[in-house]
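As structure tokens, the structure follows; a few thoughts come after it.
Order of the sequence lines fixes the chain letters, A, B, ..., with proteins taken first and strands second; residue numbering starts at 1 for each chain. Because the structure is a prediction, the values reported are computed rather than measured.
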There are 2 protein chains.
Amino acid sequence: MLNDTLKFDAHNCDGCPIRHRAVCARCETDELEVLEQIKYYRSYEAGQTVIWSGDQMDFVGSVVSGISTLTQTMEDGRTQMVGLLLPSDFVGRPGRDRAAYDVVAVTDMVMCCFRRKPFEAMMAKTPHIAERLLEMTLDELDAAREWMLVLGRKTAREKIASLLAIIARRDATLKMASIQGRLVFDLPLTREAMADYLGLTLETVSRQISALKRDGVIELEGKRHVTIPDMGRLLEEAGDDSDGGMLA
Amino acid sequence: MLNDTLKFDAHNCDGCPIRHRAVCARCETDELEVLEQIKYYRSYEAGQTVIWSGDQMDFVGSVVSGISTLTQTMEDGRTQMVGLLLPSDFVGRPGRDRAAYDVVAVTDMVMCCFRRKPFEAMMAKTPHIAERLLEMTLDELDAAREWMLVLGRKTAREKIASLLAIIARRDATLKMASIQGRLVFDLPLTREAMADYLGLTLETVSRQISALKRDGVIELEGKRHVTIPDMGRLLEEAGDDSDGGMLA
DNA sequence: CGTTCGCTTGAGAACTCTCAATAGGGGTGG
DNA sequence: CCACCCCTATTGAGAGTTCTCAAGCGAACG
């Protein structure tokens with residue numbers, strides 16, 4: 001576990017894999033030096049809960065590597081995923097001391113953390129941080145609204161296709177590959193996590209994945225290794241414009 | 001229509017009804033003076049479209065009075081409301097020149113607008129504006145995520161109860177009334193708009209409203225005038241904790 | 001007075017869920 | 001090395017919820 005933490009120098013932001021996309025993206029060298037003084041790393045294992053909703057949050061931070069989920073749960077146990085945290089995504093909310101959602105690591109994960117109070121103080125003095133955080137929050141708001149359309153108006157098949165399209169797109173972006181034609185990736189989520197994201201049951205998720213496979217929209221090796229022979233086709237199945245997609 | 005515009009002095013922010021809650025809430029007197037120079041008012045009639053998704057957006061602004069909806073539409077016509085804009089809510093996104101959603105006034109509405117470029121320039125120089133916008137955006141993100149739970153996991157009856165609870169709560173806050181016990185308000189939305197918000201059909205909305213009425217959870221005079229005899233009961237029907245509710 | 005619009009209600013169809021049985025893979029222990 | 005178990009996933013059958021299509025009502029408006 002600690003190996004992950006040591007893959008990059010724990011005190012030098014220069015080599016950080018999320019340096020150009022995280023909340024610190026716009027910071028100058030001198031600002032980074034201040035951040036380096038208050039930051040620390042934490043590692044989580046796959047399946048481990050990072051924060052429980054309602055818990056005291058004495059830190060905020062960025063996902064450096066790995067993936068985690070943001071979920072809400074009703075009293076009777078129904079749960080809805082409200083966000084997927086990928087490398088560079090921000091965890092926590094300045095000015096709020098209690099977590100609003102459960103955060104659970106779905107893969108091994110490393111976070112770059114800041115104690116909340118010093119971070120808030122620094123934000124007040126460093127417009128670059130607040131600017132970037134505003135931009136990131138606006139992007140998340142767009143993503144959440146995009147997801148509201150998926151949850152409210154799409155069929156089970158379209159929901160699955162939408163989720164696969166999002167994951168495929170993100171994966172291609174990460175690999176700097178084209179997001180057209182043939183794409184190959186590993187699903188980071190279990191069927192149950194997908195169901196929680198899509199507002200479905202895991203059985204419906206399984207059935208629709210089988211259906212998409214039967215219809216040649218996707219190919220599967222094992223349960224998790226997915227091939228998209230034709231991204232345009234997948235986007236049609238998702239009910240999106242095959243040209244653009246997620247954001248106009 | 002223009003009467004609305006004249007209800008408050010179009011050049012003086014002091015008497016503005018959203019002065020303390022809008023994007024300008026934190027501004028000092030001197031900052032307000034600058035804003036006053038670049039602002040202008042626009043009025044819209046009920047039913048009028050403020051912006052079409054994909055259109056050029058040369059302004060941003062705040063809702064001063066009235067209500068409008070933020071919706072997304074799929075190619076085949078399915079539509080999902082992704083936000084409800086109430087007085088003090090912000091419209092538009094700094095740094096983006098095309099609208100991502102349709103904005104439609106559901107009541108007569110007045111907006112306080114700023115041309116986008118001057119506003120962006122001012123934001124860069126005025127941390128108070130960016131700070132407040134960040135706070136508002138984080139609140140909207142929470143609301144969007146709360147709504148994801150409603151869309152993804154609640155039954156039709158719970159969805160209706162949730163919407164009524166939100167509207168009742170907002171209305172009570174506006175009137176500075178207690179949000180416990182008996183509440184009375186007018187529904188600002190048609191059944192169809194409610195359906196678009198909830199990811200249901202208008203028939204299902206109508207049926208569930210009738211059911212809640214039959215069960216004594218709500219009382220109706222006409223189609224729009226609603227009485228909530230017991231807010232706690234309504235929150236139970238919404239599947240929320242009857243004590244807290246929306247945000248922890 | 002007729003038309004339109006928003007709303008209600010009914011009946012049957014379609015979709016997704018629930019409950020249940022089965023299968024496959026990975027790890028553990030005999 | 002194999003048997004066993006646990007966890008994840010698949011598949012089936014029937015039930016339940018919501019949708020679709022359709023008819024009808026009442027108020028507002030021309």
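- Annotation: side-chain hydrogen bond (donor to acceptor under 3.5 Å, both in side chains) contacts involving residues 77-89 of chain A, sequence neighbours excluded, comprise A:D76-A:R78, A:R78-B:E158, A:T79-A:D196.
- Taking atom CZ of A:R191 as the reference point, atom P of C:dA23 lies 19 Å away to the nearest angstrom.
- For A:A195 against A:L202, the heavy-atom pair with the smallest separation is CB-N, 3.6 Å.
- Atom P of nucleotide D:dA9 and atom CD1 of A:I160 are separated by 12 Å, given to the nearest angstrom.
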Practice problem: Might you work through the side chain to side chain contact (heavy atoms under 4.5 Å, CB included) test for B:R96 and A:L138, ending with a clear yes or no? | Solution: CA-CA 11 Å; B:R96 168 178 295 169; A:L138 285 164; over 6 Å; no
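- Residue pairs meeting the side-chain hydrogen bond (donor to acceptor under 3.5 Å, both in side chains) criterion with at least one member in residues 182-195 of chain A, sequence neighbours excluded, are A:R182-A:E219, A:D186-A:H225.
- Among the atoms of the strands shown, none is found under 4.0 Å from any heavy atom of A:R157.
- Using a 4.0 Å heavy-atom cutoff across all strands shown, B:G199 reaches sugar-phosphate atoms only and no base atom.
- In plain terms, the two heavy atoms of B:A46 and B:D108 that are nearest each other are N-OD1, 2.8 Å.
- Annotation: proximity of residues 200-213 of chain A to DNA chain D (heavy atom, distance under 4.0 Å) is found for A:L202, A:E203, A:S206, A:R207, A:S210, numbered in ascending order.
- Rounded to whole Å, the distance from CG on A:L198 to P on C:dT16 is 12 Å.
- In terms of position along DNA chain D, the nucleotide closest to A:T190 lies nearer the 5' end than the nucleotide closest to the other residue of the pair A:T190 and A:R153.
- A pairwise comparison of heavy atoms in B:Y197 and B:W147 identifies O-NE1, 3.0 Å as the closest pair.
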